[in-house]
Amino acid sequence: MADAGTGDKRLVKSKSGLRIVNMRDDVSSPFLIPEPNWVPDNEYGHCMQCQGRFALMNRRHHCRRCGRLFCSRCCENKVALPRMCFVDPVRMCGNCAKVTKGENEFFEKHLKVLLNGSEFHVCDDLDSEVSDNSVTFFCRLSSDHRFLHFESDTEVRESLMLDKVDNIQTLTPGVDPQGNTIGTGMAVTYESENGQLLMRFVVQTSNRKQGMNWITAMQKAARFLYERRNQSRLRS
Ligand SMILES: [Zn+2]
Ligand SMILES: [Zn+2]
């Protein structure tokens, strides 16, 4: 299963199974979600999906993702849940299994692309055009998934914390000589000490495919970031 960040890890046993988590909560990946509270056994006498009554031969099971109560037939999927750091696949209701399988593509595929990084012209919104002498950085996600690092032999650029990202948009696509629409990069809006700022990542013609793959992966990551942001807004 995908690495959920480096650093010191500990093994935690929860009622849903074994989890491998960071020693410190404050350095955990922004793509993770907490375990749900389980609906108490005695709160429902029937399955919350098919309404079938629980009995000795029709026992209750908790979905490990939403914590609701189901009969075994409505909660029979066992799916890997990297967002909760489970070592093994865990039991899930049909709806959660569907959502999770969709998300797991990110952990199996896109996360690796982000960690491997790609080269971009990076400029701030003040630069209207990307000129030949604009700075090229190798951009990659940190191993704990909390930062975007910018690497260059000549220039220094501060890492961007993913929690500060407000919005990610594909830059207006261009058109290639055959008339096909092509992406040209992405614009990231983020919170800074000086208010909201915008940074542009422009793909290079020399490695367009790798660059656009990285941007596609960032957009998948952005869904998790928006979700996290909305939830923290709801809590506050
Ligand atoms: Zn059921
Ligand atoms: Zn569920």
Side-chain angles (χ1 to χ4, degrees), residues 4-5 26-34 83 99 102-103 105-107 109-152 154-175 181-236:
D26 59 340
V27 296
S28 68
S29 163
F31 307 136
L32 301 184
I33 47 176
R83 295 192 76 193
V99 171
E103 290 175 350
E105 194 198 1
F106 173 79
F107 289 90
K109 185 175 148 195
H110 300 109
L111 186 55
K112 292 188 188 102
V113 172
L114 292 178
L115 293 169
N116 286 339
S118 184
E119 220 166 46
F120 294 95
H121 289 299
V122 177
C123 44
D124 298 299
D125 58 340
L126 296 173
D127 317 329
S128 56
E129 279 300 319
V130 179
S131 57
D132 289 341
N133 57 14
S134 72
V135 184
T136 299
F137 287 96
F138 189 78
C139 306
R140 63 177 180 83
L141 183 67
S142 66
S143 55
D144 63 8
H145 311 162
R146 295 168 61 229
F147 297 93
L148 286 186
H149 291 319
F150 302 94
E151 291 159 7
S152 148
T154 53
E155 301 284 327
V156 175
R157 188 176 184 113
E158 208 181 317
S159 297
L160 174 64
M161 198 175 186
L162 284 195
D163 271 343
K164 303 282 180 205
V165 170
D166 280 333
N167 189 27
I168 294 177
Q169 277 188 306
T170 311
L171 286 174
T172 317
V175 178
T181 310
I182 45 170
T184 55
M186 69 173 181
V188 175
T189 318
Y190 64 99
E191 297 294 333
S192 79
E193 284 169 3
N194 308 316
Q196 201 178 53
L197 293 176
L198 188 136
M199 194 191 301
R200 292 196 295 158
F201 295 65
V202 179
V203 289
Q204 298 180 304
T205 35
S206 55
N207 69 341
R208 167 171 303 283
K209 189 160 183 284
Q210 190 192 15
M212 285 314 294
N213 281 344
W214 197 86
I215 284 171
T216 302
M218 266 309 290
Q219 283 177 317
K220 303 277 179 190
R223 284 187 319 187
F224 298 128
L225 302 178
Y226 300 156
E227 180 189 302
R228 181 177 165 97
R229 188 155 271 228
N230 287 339
Q231 277 166 358
S232 66
R233 271 205 196 105
L234 285 178
R235 275 194 299 271
S236 60

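Being a predicted model, the structure only gives us computed values, none of them experimental.
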Would you mind reporting whether [Y] and [X] have side-chain heavy atoms less than 4.5 Å apart?
X	Y	value
R83	F107	yes
M186	M212	no
V188	L198	no
W214	K209	no
H121	V135	no
V202	F120	no

Stepwise side chain to side chain contact (heavy atoms under 4.5 Å, CB included) check, T189 with V165: CA-CA 6 Å; T189 318; V165 170; over 6 Å; no
Derivation and outcome, side chain to side chain contact (heavy atoms under 4.5 Å, CB included), residues R228 and R223: CA-CA 9 Å; R228 181 177 165 97; R223 284 187 319 187; over 6 Å; no
Looking only at heavy atoms, which two atoms of [X] and [Y] are closest? And how far apart?
X	Y	value
M218	L162	CE-CD2, 4.3 Å
L171	F201	CD1-O, 3.9 Å
P30	D144	CD-O, 4.2 Å
T136	S152	O-CB, 3.8 Å
D166	Q196	OD2-NE2, 2.8 Å
Q169	Q219	C-NE2, 4.2 Å

Nearest 0.5 Å, please: how far is [atom2] in [Y] from [atom1] in [X]?
X	Y	atom1	atom2	answer
N213	H110	CG	NE2	8.0 Å
D163	Y190	CG	OH	15.0 Å
S192	L197	OG	CG	3.5 Å
M161	E191	CE	CD	13.0 Å
S159	E151	OG	CD	8.5 Å
I33	E103	CD1	CD	6.0 Å

Aromatic plane relationship, F106 with F224 - under 30° parallel, 30 to 60° tilted, over 60° perpendicular: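 The arrangement is perpendicular - the two ring planes meet at more than 60°.
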F137 and F150 aromatic ring geometry - parallel, tilted or perpendicular at 30°/60° bounds: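 Perpendicular, since the angle between the ring planes exceeds 60°.
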Heavy-atom donor-acceptor pair, S142 side chain to F147 backbone, under 3.5 Å: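 Answer holds: yes.
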Residues D124 and R200 bridged, charged N to O under 4.0 Å: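 So D124 does not pair with R200 through a salt bridge.
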Lys/Arg-Asp/Glu bridge criterion (N-O < 4.0 Å) met for E119, R140: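 Salt bridge flag = no for R140 with E119.
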Test side chain to side chain contact (heavy atoms under 4.5 Å, CB included) applied to L111 and E105, K220, H145, the passing residue: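 Result for side chain to side chain contact (heavy atoms under 4.5 Å, CB included) with L111: H145.
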